[in-house]
There are 2 protein chains.
Amino acid sequence: MSAQSRTERPDRPESTDRRRELLAIAAELFADKGFRNTTVRDIADAAGILSGSLYHHFDSKESMVDEILSSFQAELFAAYDAVLLSDDDARTKIERAVRLSFEAIDRHRHEVAIFQNEADLLGQQERFAYLAERNAQSREVWITLLDDGLRSGALRPDLDIELTYRFIRDTVWVAVRWYRPGGKLTHTDVADQYLTILLDGIAHA
Amino acid sequence: MSAQSRTERPDRPESTDRRRELLAIAAELFADKGFRNTTVRDIADAAGILSGSLYHHFDSKESMVDEILSSFQAELFAAYDAVLLSDDDARTKIERAVRLSFEAIDRHRHEVAIFQNEADLLGQQERFAYLAERNAQSREVWITLLDDGLRSGALRPDLDIELTYRFIRDTVWVAVRWYRPGGKLTHTDVADQYLTILLDGIAHA
DNA sequence: GTCTATATGCCGATAGAC
DNA sequence: GTCTATCGGCATATAGAC
């Protein structure tokens with residue numbers, strides 16, 4: 001959409017910048033209070049304008065969360081694809097996939113939180129059907145990585161792949177609930193500890 | 001509250017049973033659609049009555065979720081206490097604490113889901129301050145168990161206890177998102193696999 | 001214990017002036 | 001691009017009849 005202005009003036013600060021600014025404000029509120037819980041008046045207040053003025057930039061509150069989620073997902077899955085297409089060994093690919101998830105939490109925590117909290121409900125509407133598709137796509141990525149790990153002998157052979165996938169997916173993304181950028185731990189610190197536990201467990205050898 | 005009728009006729013089916021029935025209906029809706037997203041009309045419809053009639057049983061929608069959460073938490077923490085006070089060794093206590101959590105998900109999944117999804121927001125109100133207290137209490141339990149594990153040599157000495165606590169807490173409770181009682185896997189199956197991964201990791205030895 | 005009827009307020013969204 | 005003003009709808013909750 002609007003491919004024209006984007007390709008012609010990629011670095012021009014203008015109406016597009018105001019949109020992004022408003023979307024960032026909305027994303028923070030959606031992440032903190034929930035989508036339904038956030039009113040268009042909340043968003044307008046935080047932006048220093050009146051609620052009616054928002055409708056100059058966006059069709060509806062729904063189209064705001066739509067734009068937030070779809071653009072984030074596009075970026076995230078491009079990163080997964082890069083891991084899948086690399087020629088690293090199975091274990092390294094798993095480590096990279098975990099690390100890029102924590103990096104996504106670091107760089108886009110509002111978007112991750114919104115997806116975690118709202119995807120199930122929003123996904124019931126046709127407009128957000130792509131959320132379920134992306135979910136299935138994410139599962140494909142992880143099942144592939146774990147299958148490779150099993151076949152190459154990097155992973156223990158008694159693992160239930162489906163359950164292991166859920167374990168990793170949940171464990172990684174749920175960190176968005178407490179991780180804060182600029183805190184004591186960097187996303188790399190967190191990824192290091194998580195990978196240690198995930199790969200080798202907490203029990204003394 | 002109403003200690004009289006409860007102590008005098010503990011097994012009397014009456015108005016208290018209707019309350020419990022309505023609370024169970026509300027809990028399912030709160031868990032599936034979110035607290036704010038669920039209207040009193042939704043609850044009344046599901047119960048086959050009109051919305052106004054709910055107010056014969058409850059002060060407000062808030063008091064419904066309050067009763068759901070507080071009675072569940074009381075039961076859960078009694079179970080934690082039993083583990084803490086037992087004379088099992090450190091590793092066994094950790095295993096028992098994990099297992100009882102999956103059992104709670106099996107037996108009270110609506111309540112667990114509501115707590116996971118709504119505690120942060122509700123906790124901002126004075127009325128729900130006990131949610132934050134219970135959260136702190138849960139942390140105490142786990143830090144104690146993990147500390148014992150470290151001191152007794154059951155756990156590897158390089159663990160970051162705080163991060164390990166978050167890892168376990170998140171990993172266990174987030175399963176409420178996909179676990180369904182009566183499905184292919186029992187809560188014991190899930191706990192077995194989770195403990196295997198948690199204790200020994202997914203990497204081939 | 002449930003129903004009828006309704007008060008009261010906040011919500012998302014729109015129309016048109018500036 | 002923002003403001004003024006406002007509509008129609010749905011939310012929680014209440015009062016009183018049955």
Side-chain angles (χ1 to χ4, degrees), chain A residues 2 5 9 12-30 32-69 114 118 121-122 124-128, chain B residues 1-2 5 9 12-30 32-69 114 117-118 121-122 124-128:
Chain A
S2 178
S5 64
R9 303 165 187 272
R12 175 94 168 280
E14 210 186 69
S15 75
T16 296
D17 266 15
R18 182 60 170 152
R19 273 180 78 86
R20 260 198 275 274
E21 204 179 342
L22 292 171
L23 284 177
I25 290 168
E28 179 167 1
L29 289 165
F30 291 159
D32 287 348
K33 312 181 23 167
F35 174 67
R36 183 80 177 258
N37 245 333
T38 302
T39 70
V40 292
R41 283 175 176 86
D42 288 335
I43 301 168
D45 282 355
I49 59 178
L50 291 186
S51 64
S53 307
L54 278 177
Y55 290 84
H56 174 73
H57 304 277
F58 305 98
D59 279 355
S60 64
K61 197 173 86 164
E62 257 184 21
S63 73
M64 298 186 78
V65 77
D66 195 348
E67 196 165 330
I68 290 166
L69 287 176
I114 295 168
E118 318 286 350
L121 267 151
L122 289 177
Q124 293 171 11
Q125 302 171 244
E126 289 174 39
R127 168 172 203 165
F128 294 97
Chain B
M1 334 97 187
S2 179
S5 64
R9 303 166 186 269
R12 174 95 169 280
E14 209 187 72
S15 75
T16 296
D17 266 15
R18 182 62 170 150
R19 273 179 76 86
R20 261 196 275 275
E21 203 180 344
L22 292 170
L23 283 177
I25 290 168
E28 178 166 2
L29 289 165
F30 291 159
D32 288 348
K33 312 180 25 168
F35 174 67
R36 182 79 178 256
N37 242 336
T38 302
T39 71
V40 291
R41 282 191 247 270
D42 288 335
I43 301 168
D45 282 354
I49 59 177
L50 291 186
S51 64
S53 306
L54 277 177
Y55 290 84
H56 174 74
H57 304 277
F58 305 98
D59 279 355
S60 64
K61 198 173 87 166
E62 257 183 20
S63 74
M64 298 185 78
V65 77
D66 195 347
E67 197 164 328
I68 290 167
L69 287 176
I114 295 167
N117 297 331
E118 318 286 349
L121 267 152
L122 290 177
Q124 293 171 11
Q125 302 172 242
E126 288 173 40
R127 168 172 204 164
F128 294 97

Self-check item: B/S53 vs C/dG1: side-chain N/O to OP1/OP2 distance below 4.0 Å
Solution: no
Quiz item: When all nucleic acid strands are considered with a 4.0 Å heavy-atom cut-off, which category describes A/L50: base, sugar-phosphate, or nothing?
Solution: base
Quiz prompt | Nucleotide nearest B/K61 when distance is taken to its side chain, options C/dC3, D/dA13, D/dT2 | solution = D/dA13
Quiz prompt | Set of residues satisfying side-chain hydrogen bond (donor to acceptor under 3.5 Å, both in side chains) with respect to A/R36, sequence neighbours excluded | solution = B/N37
Exercise. Give a yes/no answer on whether the side chain of B/H56 brings an N or O atom under 4.0 Å of OP1 or OP2 in C/dG1.
Key: yes
Practice problem: Could you list the residues that satisfy side-chain hydrogen bond (donor to acceptor under 3.5 Å, both in side chains) with B/E118, not counting sequence neighbours? | Solution: none
Self-check item: Length of the CZ-P vector between A/F30 and C/dG12, whole Å
Solution: 9 Å
Quiz item: Can you check the A/Y55 OH to D/dT4 P distance for me, whole Å?
Solution: 18 Å
Quiz prompt | Residues which pass side chain to side chain contact (heavy atoms under 4.5 Å, CB included) with B/A27, listed by chain and number, not counting sequence neighbours | solution = B/I68, B/H110, B/I114
Practice problem: Applying side-chain hydrogen bond (donor to acceptor under 3.5 Å, both in side chains), name anything that partners B/N117, two or more places apart in sequence or on another chain. | Solution: none
Quiz item: So, is B/H57 close to the C/dT2 phosphate, meaning a side-chain N or O under 4.0 Å from OP1 or OP2?
Solution: yes
Quiz item: Got a sec, which residues hit side-chain hydrogen bond (donor to acceptor under 3.5 Å, both in side chains) with A/E62, two or more places apart in sequence or on another chain?
Solution: A/Q125
Quiz item: Going by heavy atoms closer than 4.0 Å, what residues in residues 36-47 of chain A are next to DNA chain C?
Solution: A/T38, A/T39, A/V40, A/R41
